[in-house]
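Since the structure comes first, as structure tokens, the remarks are kept for the end.
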Amino acid sequence: MTANKGRDTKPERLLRSVLYRQGLRYRVNARPLPDLRRTADIVFPKARVAVFVDGCYWHGCPDHYRPATKRSDFWHEKIQGNQTRDADTDARLREQGWTVVRVWEHEAADAAAAKVIAALEG
């Protein structure tokens, strides 16, 4: 478990690379709200846009998630807890006027960047 990275994963780095090439500047692994103990992968503070790159396994991707065979009850609760926390984070940020963009790790970086750019323009 210690080998699993919590930040600077390959999908995050690819997305940041595309956004940077588009001339966008952002903060990495920052708290959108100081009183909320959760960090977004990419934050645009002035535009109030928070971007989360969710891992397919850890966040229960509908296309790629495969339940664990060992300790299945523990892992089911863990993934379900992550999804509940994600929904709570989204709701709290939206209440404060933030736009939340969630992309899956399997999404192409260009497609994910297009979602982020649309949120920044909208």
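Counting heavy atoms from C-beta on, the side chains of I79 and Y57 come closer than 4.5 Å. Proximity of H59 to R85: side-chain heavy atoms (C-beta onward) are separated by under 4.5 Å at one or more points. In this structure, V51 and Y26 have side chains that are not in contact, with every pair of non-hydrogen atoms separated by 4.5 Å or more. Contact annotation: the side chain of Q22 approaches that of I117 to within less than 4.5 Å [non-hydrogen atoms, C-beta and beyond]. Residues V49 and V100 have side chains not in contact (no heavy-atom distance under 4.5 Å, counting atoms from C-beta outward). Under the 4.5 Å side-chain criterion, counting only non-hydrogen atoms from C-beta, D41 is in contact with N29. Between R27 and I42 there is no side-chain heavy-atom pair separated by less than 4.5 Å. Here the side chains of T99 and L93 are not in contact, with every heavy-atom distance at 4.5 Å or above.
By the 6.0 Å contact criterion, NE2 on H76 is open, its count of non-hydrogen atoms from other residues, nucleotides or ligands being 12 or less. Atom CZ of R25 sits in a crowded spot, with more than 12 heavy atoms from other residues, nucleotides or ligands closer than 6.0 Å.
Considering every non-hydrogen atom in both P32 and A30, the closest pair reads CD-O, 3.3 Å. Considering all non-hydrogen atoms of both residues, W104 and G55 come closest at CZ3-O, 3.7 Å. Shortest non-hydrogen contact noted between R48 and G97 is NE-O, 3.7 Å. The nearest pair of heavy atoms linking A40 to F52 is CA-CE2, 3.5 Å. Taking each heavy atom of L120 and F44 in turn, the nearest pair found is CD2-CG, 3.7 Å.
The same ILVMFWY cluster, assembled from side-chain heavy atoms under 4.5 Å apart, contains both L24 and L15. The hydrophobic cluster containing V18 does not contain V28, counting ILVMFWY residues as joined when their side-chain heavy atoms lie under 4.5 angstrom apart, directly or transitively.
Interatomic distance, T89 OG1 to R94 CZ, rounded to the nearest 0.5 Å: 10.5 Å. Within the model, atoms CZ of R38 and CZ of R31 stand 11.0 Å from one another, a figure rounded to the nearest 0.5 Å. The distance from atom CG of D54 to atom CD of Q83, rounded to the nearest 0.5 Å, is 9.5 Å.
Side-chain atoms of E107 do not come within 3.5 Å of backbone N or O of V103 as any donor-acceptor pair. S17 places no side-chain N or O within 3.5 Å of a backbone atom of R13 that could act as its donor or acceptor partner.
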Inset, instruction - Go through the steps for D86 and R102 under the test salt bridge (charged side-chain N to carboxylate O under 4.0 Å, His left out), then give the verdict. - result: CA-CA 10 Å; D86 292 344; R102 288 199 175 266; 3.7 Å; yes
Legend entry - side-chain contact (heavy atoms from CB on, under 4.5 Å) between W98 and V43, intermediate numbers included: CA-CA 10 Å; W98 284 75; V43 178; 3.8 Å; yes
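For R16 and Y20, the positive end is not near the middle of the six-membered ring at less than 6.0 Å and at most 45° from its axis.
Salt bridge E105/K10: absent, no basic N to carboxylate O contact under 4.0 Å.
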